[in-house]
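Got a structure for you, questions after.
What you see is a predicted model; the values in this text were computed from it and never measured.
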Amino acid sequence: MDFQVPPLRAWDDFFPGSDRFARPDFRDISKWNNRVVSNLLYYQTNYMVVAAIVISIVGFLSPFNMILGGTVVVLVFTGFVWAAQNKDILRRLKKQYPTTFVMVVMLSSYFLISFFGGVMVFVFGITFPLLLMFVHASLRLRNIKNKLENKMEGIGLKKTPMGIILDALEQQEDSFNKIADYISKAKE
């Protein structure tokens, strides 16, 4: 598999007028999840830029707390992913309720960071960019190019940073997994 960072999407494609945004169907969680995953994969470089801007601003105002907050979140996320790989009940929670899993990671991080007094940095520097990404990915309608790029990511033709994170959260379609397994076996 080839690791690569996808291109920066045009900003007028990323945040155009209201005609490309719609409220998700809350009754069909699977369809909503597919929309979020597709948009996270397709616009991941744009999301990284927006997050980097917010993190830079907050980091400039409070560098130690930003480094501490980022380190705690990464360590807690890694710990939860490792635990989910080794405990079946956590694995099922992660697969069936990825938002709940991420919320547990964020709440655990929040409580750890609160001991060090960096709560506002956590809220504005870490949680706010994640919230912006989730809201945009939930509301942005997908297009044909978006779906095609996600198919390539899903069948294992390329690996991206967001793809690795979504794999850790086990947020990929089962048919993609079967094709990716077949391709990896064929390469061996």
Side-chain angles (χ1 to χ4, degrees), residues 1-11 14-15 32-33 35-87 89-140 146 149-150 153-154 158-172:
M1 276 184 277
D2 188 23
F3 181 81
Q4 55 185 276
V5 177
L8 186 67
R9 307 297 175 194
W11 289 104
F14 179 67
F15 198 76
W32 182 18
N33 185 57
R35 180 192 287 187
V36 170
V37 169
S38 292
N39 284 328
L40 286 174
L41 287 170
Y42 187 69
Y43 294 111
Q44 64 186 288
T45 306
N46 296 67
Y47 292 141
M48 283 189 258
V49 168
V50 170
I53 290 169
V54 172
I55 289 169
S56 297
I57 292 169
V58 174
F60 178 75
L61 298 174
S62 183
F64 174 74
N65 286 336
M66 190 66 218
I67 292 169
L68 175 69
T71 303
V72 167
V73 171
V74 167
L75 291 175
V76 169
F77 180 76
T78 304
F80 271 87
V81 168
W82 176 82
Q85 295 299 327
N86 296 312
K87 298 290 182 189
I89 191 164
L90 288 176
R91 179 178 292 162
R92 278 181 280 160
L93 171 76
K94 181 176 72 169
K95 180 115 173 126
Q96 292 175 345
Y97 305 104
T99 304
T100 303
F101 186 80
V102 171
M103 292 303 292
V104 168
V105 169
M106 297 308 288
L107 286 173
S108 300
S109 300
Y110 170 81
F111 287 120
L112 283 173
I113 292 170
S114 68
F115 290 125
F116 299 107
V119 172
M120 291 311 288
V121 170
F122 174 78
V123 169
F124 288 109
I126 298 168
T127 308
F128 186 63
L130 291 175
L131 179 65
L132 287 175
M133 285 183 227
F134 180 72
V135 168
H136 182 273
S138 292
L139 298 176
R140 180 71 168 92
N146 180 323
E149 284 287 322
N150 294 336
E153 172 83 19
K158 61 183 179 179
K159 215 40 150 165
T160 62
M162 187 64 73
I164 293 169
I165 293 169
L166 291 172
D167 280 346
L169 292 172
E170 296 185 32
Q171 291 304 302
Q172 62 276 0

Margin query: For Tyr110, is the OH atom crowded, meaning more than 12 foreign heavy atoms sit under 6.0 Å from it?
Written below: no
Check: Closest heavy-atom contact between Ser56 and Ala52?
Finding: OG-O, 2.6 Å
Notebook entry, point to check: Does Tyr47 reach the side chain of His136, with side-chain heavy atoms less than 4.5 Å apart?
Noted result: yes
Item checked: Non-hydrogen atoms of Ala137 and Asn39 that approach each other most closely -> O-ND2, 3.0 Å
Checklist line | Gap separating the CG atom of Leu132 from the OG1 atom of Thr127, nearest 0.5 angstrom | finding: 11.0 Å
Checklist line | Test side-chain contact (heavy atoms from CB on, under 4.5 Å) applied to Val76 and Val74, Thr78, Val72, Val73, the passing residue | finding: Val72
Check: Rounded to the nearest 0.5 Å, what separation is found between the OG atom of Ser114 and the CG atom of Leu107?
Finding: 11.0 Å
Check: Between Met106 and Leu130, what is the shortest heavy-atom contact and its length?
Finding: CE-CD1, 3.5 Å
Margin query: Minimum heavy-atom separation for Ile55 and Gly125, please, with both atom names.
Written below: CG1-O, 3.2 Å
Item checked: Flag if over 12 foreign heavy atoms under 6.0 Å of CZ, Phe128 -> no
Note to self: Please report the interatomic distance CE(Met48) to CE(Met133), rounded to the nearest 0.5 Å.
What the structure shows: 9.0 Å
Note to self: Please give me the minimum heavy-atom distance between Thr71 and Ile67, naming the atom from each residue.
What the structure shows: OG1-O, 2.7 Å
Check: How close do Leu139 and Arg35 get, heavy atom to heavy atom, and via which atoms?
Finding: O-NH1, 3.6 Å
Check: Any donor-acceptor pair under 3.5 Å linking the side chain of Gln85 with the backbone of Trp82?
Finding: no
Next item on the list: Using modelled atom types only, decide if a donor and an acceptor are shared between the side chain of Arg9 and the backbone of Asn46 within a distance under 3.5 Å.
Entry: no
